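The structure presented is a predicted model; accordingly, all values stated were derived computationally and were not measured. Only this structure's heavy atoms are used, side chains among them; waters, hydrogens and symmetry mates stay out.
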Number of protein chains: 2
Amino acid sequence: MAASTLTEVARLAGVSPATASRVLNGSARTPGPDIAERVRKAAESLGYIPNAQAQGLAKSSSGLLGLIVHDIADPYFSAIARGVQDAAREQGKMVLLATTGGTPADERAAVAAFAARRADAIVIAGSRSNRPADQDGNAGLAAELDRYCRNGGRVGVVGHPVVGASASEGYHVVAVPNEELAAELARELAANHSGEFVIIAGPEGLLTSDDRVRGFQNGLAVAGRPPAEVMHSGFDRAGGYEAGQLLAARIKARQTSDSAASRLCIFAVNDVMAIGAAAALRSEGLRIPRDASVAGFDDIETLRDFRPELSTVRLPLEEIGRLAAMGTAGDSTADGGAAAAVTGQVTLRRSTETDPRG
Amino acid sequence: MAASTLTEVARLAGVSPATASRVLNGSARTPGPDIAERVRKAAESLGYIPNAQAQGLAKSSSGLLGLIVHDIADPYFSAIARGVQDAAREQGKMVLLATTGGTPADERAAVAAFAARRADAIVIAGSRSNRPADQDGNAGLAAELDRYCRNGGRVGVVGHPVVGASASEGYHVVAVPNEELAAELARELAANHSGEFVIIAGPEGLLTSDDRVRGFQNGLAVAGRPPAEVMHSGFDRAGGYEAGQLLAARIKARQTSDSAASRLCIFAVNDVMAIGAAAALRSEGLRIPRDASVAGFDDIETLRDFRPELSTVRLPLEEIGRLAAMGTAGDSTADGGAAAAVTGQVTLRRSTETDPRG
DNA sequence: GAGCGGCGGGAATGCGCTTTCCCGATTTCT
DNA sequence: AGAAATCGGGAAAGCGCATTCCCGCCGCTC
């Protein structure tokens, strides 16, 4: 018992399918009011729901917006997803979700699937990777995206252009000033911390992580500080926790050997890693900011109630998602490859206070 | 420059479209190996991507799974979304996302949109509402869902059946034992708390909230305690915060007037509300669990690093999403209206400790 | 060796809708 | 008033694919 079709509606209304189509789905030509009314009534009584697949097939455009994220349950991505969803709704589109865990091969598959569904646009969130192991995957992804663009698809990328993608038109990237903001964070921290800095980074090759590391080091340099040691770990809470454990041991060793040692200042390249690191320190009996400072990046909303309040860089995640999605609308050459601008804000809070009461 | 079509591939391979279709998309009849090879090569060289819309139109099934949530950025929903996404992937489906803010009217629209896209199944997460104001909306939603089911759609609901929906086949609900678990939580808390209980609930009529409140009260009764006062507020952090402010004032008043007053035990019907309440108390200079106990519900992953650790009821959110999505697969009468079972676990942590060192 | 079943392939139809093209009936302009 | 422009509606041709039906060919049996 399939849903009723436009033809049935037309027959019931005593008009041609063409006319029914014109009245029910926005057309340039609007039939007479009496006829329109009749059609509408017929549609109503039949509970007619237009078949979007058929519509899409006929006008070759689907009203679909593909969204690719690493993990929808990660608050970073879900915030972006909200923005994308918002924008999509405004454009009268629906969003198709794909989660890939950040694997270029999976991302490629997702792009292909979106292309198969003839999605009008694709938004890719999530750090690009430059690891040697992802070389092939990236090439494949780039090829797939290029093909998609050549076929008239529009793509919006959050953060970095896809590695190796030729910046053909239809491309749009929302640039996040990770490097600049990390540098600013470093400078501000350096102004208050006399001690040593350590960076807990994600896997080497993860562009977002690399950018933030580089920016932070630059900021340190500007402030006349030596470069911070960089520890590579997972880009998630577990990675932060792991690195935190290592650091905890080191901090404790230092405290005993050299009681005057200045506090370590730890910069984790994202908030969840920072939380992980903080948890590790705490589980080792260390307190923040008394025994060490900890800063993150992103300013994840759900984490704002964390104590001590995390110093971080606020990123307008939802806005970023919006922009990425919005950039895919409109005429295709308006901003071929152009980058929408987004700005963040260094936000110093308790976790890096230097007059530790805690 | 649209993507290449099956016909083009067929022509290039020197076969008929029928044959090309048979080799490229799983068919019962498999053409000879030599021909298959030729077709595959042609497809490859043309970068052929099957048009899912056309496929769907032809075999009337879309490979789409619709997911309806209140807000994808809410960790509760994003956890469920992950489970749904997982299940969808296993079934070779893609998920279509719709966020509605919990408004039945919007939910109805989303169902209609999914129906238009001929989604094979729809999963609805998020508390059903029974408010008088939602009466009409609920009726509309129920009608839309029924129509969808009659047309062969399958729907999975998290928590409660949609208000007013006739349990036709194709329906599947993942029951969450909110009431039982809340009762258990109440009993366990009552065993350790001699003081008064207060419940911070969501808006009246929100089924999930109501269930948890009812369960909690029952548990209290079983433990020989008088019913707790119920404060209604928003179902989110802000709501919890607001209620928390009121309670903070009360707690402080009590502390001054009656120094021997026992600590209040606050049950917020979900974790984010509990966090909000805790934040409010803290901003008023109160400490948990020293000045009051706080418990939540859901055990949101991102909130596990909150301090004091929140006592709550662990719900296997991801699993719930999986089950809801899985339940929509397979033959339609297997469990007409049946409920998949899910169980949670009361998890007492620091926020309700009665020997407060904090 | 003639008849028959089976198999590999193609022609054709239809999924439900949009849209161009066309045609008769009004209008409108010179 | 006659011609041209306009409008309101219908017929029909796809959109890209799956699938049913059909046909020719092969090997098989008796």
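- A:Thr5 places a side-chain N or O within 3.5 Å of a backbone atom of A:Glu8 that can act as its donor or acceptor partner.
- Between B:Ser21 and D:dC17 there is no side-chain polar atom (N or O) within less than 4.0 angstrom of OP1 or OP2.
- Residue B:Arg22 places no side-chain atom within donor-acceptor reach of the base of C:dG8, judged by atom type and a 3.5 Å distance cut-off alone.
- Residue B:Thr19 places at least one side-chain N or O closer than 4.0 Å to OP1 or OP2 of C:dG10.
- Listed pair A:Ser16 / D:dG10 meets the phosphate criterion, a side-chain N or O lying under 4.0 Å from OP1 or OP2.
- Distance from the side chain of B:Lys59 is smallest to D:dA18 among D:dA18, D:dC17, C:dG10.
- Side-chain atoms of B:Leu57 lie closest to C:dG16 of the nucleotides C:dG16, C:dT18, D:dC17.
- A distance-only check finds a donor-acceptor pair linking the side chain of B:Tyr148 to the backbone of B:Ala121 [under 3.5 Å].
- To the nearest angstrom, P of D:dC15 lies 19 Å from CG of A:Leu6.
- Using a 4.0 Å cut-off between charged side-chain N and carboxylate O, A:Asp120 and A:Lys93 make a salt bridge.
- Checking the phosphate oxygens (OP1, OP2) of C:dT18, a side-chain nitrogen or oxygen of A:Asn25 falls inside 4.0 Å.
- Formation of a donor-acceptor pair under 3.5 Å by the B:Arg108 side chain with backbone atoms of B:Leu141 is not found in this model.
- For the pair B:Gln55 and D:dC17, the criterion of a side-chain N or O lying under 4.0 Å from OP1 or OP2 is not met.
- Each of C:dG10, C:dT18, D:dA18 was ranked by its minimum atom distance to the side chain of B:Ala58; first place goes to D:dA18.
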